[in-house]
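Keep in mind that what you see is a predicted model, and the values were worked out from it rather than measured. Below, read A as the first sequence line, B as the second, and so on, with proteins coming before strands; counting in each chain starts at 1.
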There are 2 protein chains.
Amino acid sequence: MEKKADDILKERQLSITDSRKKILSLFLHGTGALSHNDIEKKVGERFDRVTIYRTLQIFLEKGIVHSIPTADNSIQYALCRNECGSGHHHDNHVHFVCKHCGNTVCLEDVTVPAVKLPKGFSSSQVEMIVSGICKDCR
Amino acid sequence: MEKKADDILKERQLSITDSRKKILSLFLHGTGALSHNDIEKKVGERFDRVTIYRTLQIFLEKGIVHSIPTADNSIQYALCRNECGSGHHHDNHVHFVCKHCGNTVCLEDVTVPAVKLPKGFSSSQVEMIVSGICKDCR
DNA sequence: CAAATTTTTGCAACATTGTTGCGTTTCCCT
DNA sequence: AGGGAAACGCAACAATGTTGCAAAAATTTG
């Protein structure tokens with residue numbers, strides 16, 4: 001798995017640094033999405049807050065992670081699947097936020113249903129966030 | 001319209017104060033959603049920042065407005081339609097964020113399509129945010 | 001492999017956003 | 001109009017996010 005983080009970074013033409021490896025491995029090992037705050041709590045003593053911001057920023061740009069807006073104003077980040085290229089995200093899957101455990105997960109197999117917009121509107125991206133109780137909290 | 005603001009406040013059993021009337025009338029007159037920042041810019045000299053936070057908070061609780069999470073970490077607030085009762089929102093319509101003008105609007109006539117979740121997940125709320133170009137920016 | 005160059009990091013300082021406590025003002029009810 | 005409750009404004013603080021710059025690390029080049 002350690003090697004995998006390196007590969008991903010190399011693939012996206014990013015310098016391989018400790019912070020990037022560490023943060024990326026958090027995503028690779030964990031199941032759900034992480035907020036800046038989550039990451040800071042897990043690696044906060046090791047890396048500067050600013051570094052985490054910049055790392056997430058560049059991961060976003062390079063298509064390594066995508067962001068998920070949530071109601072409580074905390075942006076969540078989650079790994080992209082392989083289809084995501086630099087700057088072009090194709091994460092048209094549904095996101096799920098559990099009201100019990102607070103975790104946010106990507107439902108990779110659930111695609112966002114089509115929606116018909118009124119005349120004059122054109123869509124370039126659709127985000128769907130379902131909240132409720134996840135399977136682990138039942 | 002001024003009277004309407006008073007009526008809504010009375011209906012929800014809120015004291016009628018200048019700040020609440022003013023903020024509510026912003027929503028009644030405007031078309032789209034407003035963020036805290038938008039409101040602060042429009043009435044900021046008149047009312048304290050804290051008052052705006054508290055007013056939005058109580059409008060949310062009383063079902064006068066609902067909140068719309070957006071990708072740039074700025075919560076938008078928009079008027080609920082009448083069906084929304086205190087604490088119980090029924091705003092199952094699609095939200096649209098225009099990438100050109102930045103406005104967020106409620107597409108009241110577009111209901112969020114149903115989505116089938118994996119086993120074990122149960123949903124209590126679904127949020128759908130479409131971004132693209134709105135009809136005024138075409 | 002070591003030097004040169006580029007990139008990234010950490011620090012400091014600052015800006016913005018959101019929260020809390022408390023005394024004063026305003027609103028509501030009779 | 002007066003008494004009690006609710007809301008406001010202020011101040012202070014906490015959390016979150018941004019920017020510039022020198023030091024450190026990574027990558028490239030000879």
Measure the distance from CG on A/Leu9 to P on C/dT8 and round it to the nearest whole Å. 11 Å
Rounded off to whole Å, could you give me the CD1-to-C1' distance for the B/Ile75 and D/dT16 pair? 13 Å
Closest approach to the side chain of A/Asn37, judged atom by atom: which nucleotide of C/dG18, D/dT16, C/dC11 is it?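 Selected nucleotide (nearest to the side chain): D/dT16.
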Residue A/Tyr53, side-chain heavy atoms: nucleotide from D/dC10, D/dT16, D/dT19 that is nearest: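 Looking only at side-chain atoms, A/Tyr53 lies closest to D/dT16.
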When you look at NZ of B/Lys99, are more than 12 heavy atoms from neighbouring residues, nucleotides or ligands closer to it than 6.0 Å?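 Yes, because the 6.0 Å sphere around NZ of B/Lys99 holds more than 12 heavy atoms from other groups.
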If hydrophobic residues (ILVMFWY) are linked whenever their side-chain heavy atoms come closer than 4.5 Å, directly or via other members, who joins A/Phe96 in its cluster? A/Val94, A/Val105, A/Leu107, A/Val110, A/Val112, A/Val115, A/Leu117, A/Phe121, A/Val126, A/Met128, A/Val130, B/Val94, B/Phe96, B/Val105, B/Leu107, B/Val110, B/Val112, B/Val115, B/Leu117, B/Phe121, B/Val126, B/Met128, B/Val130
Residue pairs, two or more places apart or on separate chains, that pass salt bridge (charged side-chain N to carboxylate O under 4.0 Å, His left out) and touch residues 105-119 of chain B: B/Arg81-B/Glu108
Is there a side-chain polar atom (N or O) of A/Asn73 under 4.0 Å from OP1 or OP2 of C/dG18?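 Checking A/Asn73 against C/dG18: at least one side-chain N or O falls below 4.0 Å of OP1 or OP2.
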Base, sugar-phosphate or nothing for A/Arg49? Non-hydrogen atoms, less than 4.0 Å. base
Touch check for A/Arg20, heavy atoms < 4.0 angstrom, all strands: base, sugar-phosphate only, or nothing? sugar-phosphate
For nucleotides 23-25 of chain C, print each protein N/O atom paired with a nucleotide N/O atom at under 3.5 Å, atom names and distance only.
none

Tell me the side chain to side chain donor-acceptor pair (under 3.5 Å) pairs involving residues 45-56 of chain A, sequence neighbours left out? none
Which pairs, protein N/O on one side and nucleotides 27-30 of chain D N/O on the other, fall under 3.5 Å?
residue: D/dT27; atom: OP1; partner: A/Ile16; partner atom: N; Å: 2.9

One would report the end-axis bend of the helix from C/dC1-D/dG30 to C/dT30-D/dA1, five pairs per end and rounded to 10 degrees, as 40°
